[in-house]
Amino acid sequence: MKVGVVTFPGTLDDRDATRAVIAGGAQAVGLWHGDVDLKGVDAVILPGGFSYGDYLRCGAIARFAPVMEVIIQQGKRGLPVLGICNGFQVLCESHLLPGALTRNADLHFLCRDQKISIENIETSWTSSFTRGEEIVIPLKNGEGSFQCDDATLQALESEGRVIARYVGENPNGSRNLIAGITNTRGNIVGLMPHPEHAIDPLTGPSAQGLGFFTSILNALVK
Amino acid sequence: MAKIVVDVMLKSEILDPQGSAVAAALPRLGFSFAKSVRQGKRFEIEVEGEVTPAQLAEAEKAAELLLSNPVIENFVVRVEK
Amino acid sequence: MAKIVVDVMLKSEILDPQGSAVAAALPRLGFSFAKSVRQGKRFEIEVEGEVTPAQLAEAEKAAELLLSNPVIENFVVRVEK
Amino acid sequence: MSVDTVLNAQRTPDVIQPFAELGLKPDEYARIKEILGRRPTSSELAMYSVMWSEHCSYKSSKVHLKQFEGKAPKSAALLVGIGENAGVVDIGQGYAVTFKIESHNHPSFVEPYQGAATGVGGIVRDILTMGARPIAVMDSLRFGPADALDTRRVLLGVIAGIGGYGNCLGLPNIGGEIVFDETYAGNPLVNALCVGVMKHSDIKLAKAVGAGNLVVLYGAKTGGDGIGGVSVLASETFGANGSAKRPSVQVGDPFLEKVLIECSLEIFAEDLVVGIQDLGGAGLSCATSELASGGSGGMKIALNTVPLRDSSLSPEEILMSESQERMCAIVRPENIARFLEICKKWDVTVTLIGEVTDGDRLEITWNDQIIVDVPPRTVAHEGPVYNRPFSQPEYINGVNAEKISVPIPNSAVEVRAAVLKLATTPNLADKSWVTSQYDRYVQGNTIQSQPDDSGMVRVDEKTHLGVAVSTDANANWSYLNPYQGAKLALAEAARNIATAGARPLAVTNCLNFGSPEDSGVMWQFAETVRGLADGCLEMGLPVTGGNVSFYNQTDDVAILPTPVIGVLGVIDDVRTRTPMSFNRAGLELYLLGETHEDIAGSEWAFMHGQRGGQTPIADLTREMRLIEVLLAGCSEKIFSAAHDLSQGGLAIALTEMVLRHSTGAKVHLANVGMDLISETPGRVVVAIESAKTSVLIEVAKKYDIAITKLGTTGGSSLTINEVEIPLDELRQAHTSTFPKLFG
Ligand SMILES: Nc1ncnc2c1ncn2[C@@H]1O[C@H](COP(=O)(O)OP(=O)(O)O)[C@@H](O)[C@H]1O
Ligand SMILES: [Mg+2]
């Protein structure tokens, strides 16, 4: 099973994501923003970081990278895609996921251990969890406040497409404490906090992030 | 020399923490004139020579495609002397 | 309804990484009209009723003190209908 | 534009030149003429003035800094010493580590965000320049009074700048300091540290060798940023009306720096450079002259080929420009094609600006006209050297003679109040409001970061080899006794490393002082360097590099002498480290080291407006024995937790330990007031399982370190004798200060 990890100029967590993919049991394949094919990978991760410096808007420039054209195409056809933090922002800018991520309510970058609850375990990236399972993984971003219009929010909630919610006080002003969402098909997931930084208690707050990377393996062998 | 200006503002229903922070800071500094503040972006685009209608049309497209995110933002494109 | 608009731009000699990033992205998307791009801030300030000269003067002060950083930025204050 | 060429300089010997405005003294100007045998061209004048500025030439500090090499202990670990961009030490398994701390003080006062951001950018490029991948940063900060309005402006900007730049580079921030004192109002200190790692074979040096090799400039285009920034910003005191002196500040582009790092590492990996130098203070003037001076031959540069952001820049300005995110490399002709290819891959602007010659001159042309023709060493390494007069300032005897009188808590009410007051005071309060704005997780190798005693990162994911770094300064002690102050700061930094189980290996430092033209300040500096050099000799630790920042004063008020000492240590297996705190009840708490009545320079004295008295005397052999106990305690798995005592003494150490994992403790103190507030150096609180008691006593005995039983862990409060403080109340006190002040 091959999982592609995309590197844009300014991507930071690609090495962490690669480490996590391997820890999850899959083979990691590096993808460069200029690539025009996906080297036959079975799934793709858009890691965190500051692609193109996050200038203009987070993910706004990365969204037009050559590799994204292919990912958008195949994502629409069902290729499993996980966007973490900056990757989530890229997915929204690409309109693969609804809504947008805006400045944290208090305007500060926030790095902390965050408790989230997993609310949808039907997606390609969350099947290893149990519904309502609470995990603690790092949250670290300056623009993590999920915003969208009421109709979109309505749809996300009624269709059960909110895959993860912040537990406790709202860390960044996201509507309905949304930490992650998925598309209708459940193959594309965007997540603000960082599971790839929580695969080993030695270097993270827990190993509870691993579930996202074992989930994709299950999804692929099925 | 003429330039194309693109103003990008968050839609009114999207919350604007930066604008609110400014609005909150003003009274603390003794300013009482502001009822509400919204903060957006302003792009100044220089072109070769005078601005042509064709360039303006291109700018409109660029504003829609790249400079703004239609999900949360509105934009205005104009020529400024 | 009238509002006060404050445009804040980096001084021309100051590096503008955001503007350069946009300028670099445009051609990649097939836009050729831009010679250079500068990105700044736009503040839209609502006041009670019509804008008075006194309010405008206050806005000038606020722009200098809070909305802009005089070390690296210039600003323009105006009324917009 | 008409340029002042060498020919023109020969033809017009009597032109009046603005050397004074450029910060040069008449005798320095005369020396330049003597070196050149003619008046300098305006470009040469620009180069000399900026390179002979205090910041670049170390003219006031050189004579003292020599001791670091003079007294330096033999250290097999030292691979590259003082003189290069940063020192390099061997940490085993074929790995080499480079680290350095550098100041960006004045720029951070002028424009806090950009000043701090470019401070991080600069030190990271220094580390990169050695051939290393940067793996972590730290920031040691000093501000004016916490409740002063301008402190808010400066602190918020500095924090945002350090985070904004460091986070965007993907470098975990693993530690630092934040201290408030009125002498830093108008003179904030922003000292940034970076650690990098490489294989021995990858070490790069700033040398231009091999006639015919190409001089390549890559990275950002050159603009008018911070022109004269070094000579003006770093060498002029801010007077009351200093604003007039402020030149345009540099603005950083962290995204470009991130790309520059990856691009450079790819270039290094293919071994495509002969020598390399980052462009920091003094920009091209510094890079070209240092590269040429460091090498054997000469160098020819065609300045008009330098890519510009602002086409109106004059040659003088181009030479002085401090535009960020630029590097200068020496490349063999056969490697240039591949070099350009890699730059193209990363979309990095790259230009051939000259070549190494077999001559001995640095020759710079502007459209084929020679505008600079100098012996490079005279610019880069043979600048002026001052033996500035220094003498013990009057205040010393006065303050040392002072008898400090502070209330010593005694009754239950007083003890509770004292503990809560110490937990709340800005210098000791919880800093997570700040550090949560820094990414500590990126790269996935962070083992320890704030609020641990030291930062620790894993270097090898298979063997789990790691390094630990701590920065420390105690300006209150340095003010009372700069010689002891330096030794005590060194001891504390080393102890912070050892507490986690890492062995101290090397030292870097950033010496922040007032004006060297003040003989009293110069004495503080001389005593500090003497103390640090002696201390390093005693502890067998080499000084691998550092930085000096003078003129940190407003009018005639200088900052407290603030030598920030960074110590780096090695731990063979990060999994075995000793954690800072306990998360279980039933452990026994012991204090290693004796407690004396050391109130002078303590936080408690500071809180009571007392600045006098005499500092403790550093006993470094004792500190070294303590370090052995800490290392043994780790390797022999005696400790469940260990935490260093410093500012705030035992009261704060216990506060931090019980709050870390919300596990309380019950301690009994014989001499409760003094035991809580004293800041006697060389003390550590350890938690052990009772089964380990006898081994602990043995080890302590072996190394002759006093131990005292404090109590046991557990419960939901910190109980001191009969005083019980609920953890929630203590946490509230400890964590609310920063949000209240700056939120
Ligand atoms: N306080 C100090 N202790 C030891 N070495 C120092 C100190 N200050 C400066 N140095 C050394 O002097 C050399 C020049 O310093 P600097 O000009 O700051 O280098 P750079 O310009 O590359 O930052 C460096 O090797 C630096 O480590
Ligand atoms: Mg350097």
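Naming convention: chains lettered A, B, ... in sequence-line order (proteins, then strands); numbering from 1 in each chain. All values below were derived from every heavy atom in this structure, side-chain atoms included, with hydrogens, water molecules and symmetry-related copies excluded.
How far NZ of C:Lys35 is from CD1 of B:Ile4: 12.0 Å, rounded to the nearest 0.5 Å. Taking CD from C:Glu46 and CZ from B:Arg38, the interatomic distance works out to 9.5 Å, rounded to the nearest 0.5 Å. A distance of 8.0 Å separates NZ of C:Lys41 from CD of B:Gln18, quoted to the nearest 0.5 Å. For the atom pair B:Phe33 CZ and C:Lys61 NZ, the distance stands at 9.5 Å (nearest 0.5 Å). Between B:Ile45 atom CD1 and C:Gln39 atom CD the span is 10.5 Å, to the nearest 0.5 Å.
Heavy-atom distances place no part of C:Leu56 under 4.5 Å from chain B, backbone and side chain included. Interface remark: B:Leu26 contributes backbone and side-chain atoms alike to the contact with chain C (heavy atom separation under 4.5 Å). Using a 4.5 Å cut-off between heavy atoms, B:Ser32 contacts chain C through both its backbone and its side chain.
Chain B forms more heavy-atom pairs under 4.5 Å with one residue of C:Ala59, C:Gly30, C:Gly19, C:Ala25 than with any other, namely C:Ala59.
Residues B:Leu65 and C:Phe31 have side chains in contact (heavy-atom distance under 4.5 Å, counting atoms from C-beta outward).
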